[in-house]
Number of protein chains: 2
Amino acid sequence: MFKKSTHFDLLVYLLEHRANEVPLKASTTELGDDLGVSQQTVSRWLIEMEQAGFLERKHEGIMLLPLFMEQMEELYHTLKDVYEAPDSFTLEGELVRGMSDGKYYLGLPGYTEQVKEKLGFTPFEGTLNVLLKSKDMKKPLLYAHGIDLEGFFQGGRTLGSAKCFPCKVNGKVDGAIIIPLRSHHGPEVLEIISSVDLRKKLKLKDGDRVEVEVLR
Amino acid sequence: MFKKSTHFDLLVYLLEHRANEVPLKASTTELGDDLGVSQQTVSRWLIEMEQAGFLERKHEGIMLLPLFMEQMEELYHTLKDVYEAPDSFTLEGELVRGMSDGKYYLGLPGYTEQVKEKLGFTPFEGTLNVLLKSKDMKKPLLYAHGIDLEGFFQGGRTLGSAKCFPCKVNGKVDGAIIIPLRSHHGPEVLEIISSVDLRKKLKLKDGDRVEVEVLR
DNA sequence: ATTACTAAAAGCCGAGTAG
DNA sequence: TCTACTCGGCTTTTAGTAA
């Protein structure tokens with residue numbers, strides 16, 4: 001990217017050489033030459049990244065560890081989001097009864113004001129909870145960058161922050177998916193807020209099929 | 001990635017905030033806080049990256065420029081390659097007459113020895129040229145990391161380097177796609193080498209449909 | 001409020017070199 | 001050969017501050 005290589009370039013180099021699958025046998029001199037830095041610098045970088053738990057050096061060579069692969073996957077999803085972003089995509093699931101956490105939080109001014117400001121509507125006091133068919137369906141949202149609601153203190157408790165994605169429910173009513181950073185729900189439940197009572201407006205009952213179109 | 005942020009982190013931050021589509025209005029102080037560096041550092045970084053042609057600052061905010069988006073796309077493809085790598089994929093096209101460059105190069109010991117050593121076969125003196133249906137089909141190969149053949153000097157000329165991908169032609173014969181770094185072919189022609197005369201072995205004539213399975 | 005300059009401190013790089 | 005230490009010098013960061 002820039003003239004001078006960095007730790008990051010070394011890691012990308014290792015990735016390119018599939019050091020996540022097969023140990024890469026390469027001397028620090030070799031790596032330094034390829035990256036345009038000194039042997040000493042590569043040596044130092046490798047030590048640092050080994051200490052960080054990003055890689056491992058054995059007799060067979062250098063291997064990238066899962067810790068790094070996971071962190072890199074986040075970047076991958078960020079880039080995928082940018083380069084392959086569709087204008088919208090749809091999640092499907094069935095309506096379930098919420099744990100009523102949503103109702104509590106949405107009663108607090110700290111949240112409602114942020115929703116008003118950042119999403120442009122006053123939230124109805126209650127969330128629509130949708131059980132997704134597969135928990136993987138939510139994965140893109142977990143990685144994607146959404147609209148952030150900040151956490152805050154209230155009554156001696158810390159209320160966690162969350163991120164939102166504008167959405168349209170059953171092709172009719174606008175709302176927003178809200179994903180708390182530390183959710184009580186498993187990753188397969190989608191919480192949706194709206195300016196109206198979605199359950200009533202869409203005449204939904206538990207077990208009904210719900211279609212959520214995530215907008216951008 | 002590491003504790004301390006870098007230029008790169010700022011660029012990723014901008015990407016996450018869609019500064020490639022919509023100008024991002026953010027002060028250097030804000031950015032510094034989010035990235036964990038000082039306002040001054042962000043200021044300097046922005047100046048540097050503006051000079052590098054990576055971004056542009058106007059009254060509407062910060063925008064990422066195509067130059068950067070293209071460079072980042074390369075990293076994206078690298079990561080895609082790692083995280084979504086199928087064991088193989090297939091390219092289709094029709095046989096065309098080569099410019100016979102291949103024949104010339106493959107007669108030179110400099111190349112044949114490298115092929116022998118790195119690909120494990122002695123190349124037949126001639127290449128199979130496949131005209132792809134779409135030039136985009138070749139794109140993954142252009143980005144992917146292959147087996148490198150180094151360029152060298154010979155008779156006063158510089159012969160460019162190339163990269164290879166092992167492949168199987170028409171599901172039967174093994175060979176390798178060879179992509180010169182500075183190709184005379186357009187991006188829609190695939191050059192394939194093999195230990196045998198592919199044209200004869202597979203009883204192919206110009207215009208015949210050819211299937212090339214790229215192996216890893 | 002904002003950005004960006006200066007200058008001193010902190011951190012990083014690589015030549016030399018030991019093991 | 002190889003890796004990794006030391007240390008002088010160069011680069012980057014940030015506090016202070018001007019515009």
Side-chain angles (χ1 to χ4, degrees), chain A residues 1-17 19-20 22-65 68 71 113-114 117-118 148 150, chain B residues 1-20 22-65 68 71 117-118 150:
Chain A
M1 186 77 40
F2 288 97
K3 310 143 203 181
K4 195 110 194 183
S5 286
T6 63
H7 291 77
F8 186 79
D9 293 298
L10 172 52
L11 290 166
V12 172
Y13 180 98
L14 294 173
L15 264 185
E16 281 175 343
H17 288 75
N20 55 318
V22 187
L24 176 67
K25 245 189 144 28
S27 73
T28 51
T29 311
E30 234 174 290
L31 294 173
D33 286 349
D34 284 357
L35 291 167
V37 294
S38 72
Q39 171 271 319
Q40 292 88 334
T41 296
V42 173
S43 171
R44 210 184 46 254
W45 286 354
L46 286 174
I47 292 168
E48 286 162 8
M49 298 197 294
E50 202 166 7
Q51 280 167 359
F54 283 0
L55 56 84
E56 184 178 57
R57 283 190 290 175
K58 294 197 273 188
H59 278 79
E60 308 95 279
I62 304 166
M63 275 223 83
L64 292 168
L65 296 177
F68 167 72
Q71 293 201 19
E113 270 166 36
Q114 280 192 69
E117 184 198 331
K118 296 179 182 173
D148 289 326
E150 281 151 41
Chain B
M1 186 77 39
F2 288 98
K3 310 143 202 180
K4 195 108 194 185
S5 286
T6 63
H7 290 78
F8 186 78
D9 294 296
L10 173 52
L11 290 167
V12 171
Y13 180 98
L14 294 173
L15 263 185
E16 281 175 342
H17 288 77
R18 314 203 149 261
N20 55 318
V22 187
L24 175 67
K25 243 188 146 29
S27 72
T28 51
T29 311
E30 234 174 290
L31 293 172
D33 286 349
D34 285 358
L35 293 167
V37 295
S38 70
Q39 171 271 317
Q40 292 88 335
T41 295
V42 172
S43 171
R44 192 164 32 76
W45 285 355
L46 286 175
I47 292 168
E48 285 163 9
M49 298 195 295
E50 203 166 6
Q51 281 167 358
F54 283 0
L55 55 82
E56 184 176 59
R57 284 190 288 174
K58 293 196 272 187
H59 279 81
E60 308 94 278
I62 303 165
M63 275 223 82
L64 292 168
L65 295 177
F68 167 72
Q71 293 202 20
E117 184 198 330
K118 297 179 181 172
E150 281 152 41

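By convention in this document, chain letters (A, B, ...) are assigned in the order of the sequence lines, proteins followed by strands, and residues within each chain are numbered from 1.
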Enquirer: CG/Leu35(B) to OH/Tyr13(B) distance, rounded to the nearest 0.5 angstrom?
Expert: 6.5 Å
Enquirer: Is there a donor-acceptor pair closer than 3.5 Å between any side-chain N or O of Asp33(A) and the backbone N or O of Glu30(A)?
Expert: no
Enquirer: Within the 4.0 Å limit for protein heavy atoms, which parts of nucleotides 4-19 of chain D are touched? Write it as a string from 5' to 3', B for base, S for sugar-phosphate only, - for none.
Expert: BB-------BBBB---
Enquirer: Check the distance between dG14(C)'s C1' and Leu31(A)'s CG and give it to me in whole angstrom.
Expert: 16 Å
Enquirer: Checking Glu50(A) side chain against Arg57(A) main chain: does a donor-acceptor pair fall under 3.5 Å?
Expert: yes
Enquirer: Sequence neighbours excluded, which residues qualify as side-chain contact (heavy atoms from CB on, under 4.5 Å) partners of Ser43(A)?
Expert: Thr28(A), Gln39(A), Ile47(A)
Enquirer: What's the spacing between Leu24(B) CG and Leu15(B) CG if we round to 0.5 Å?
Expert: 11.0 Å
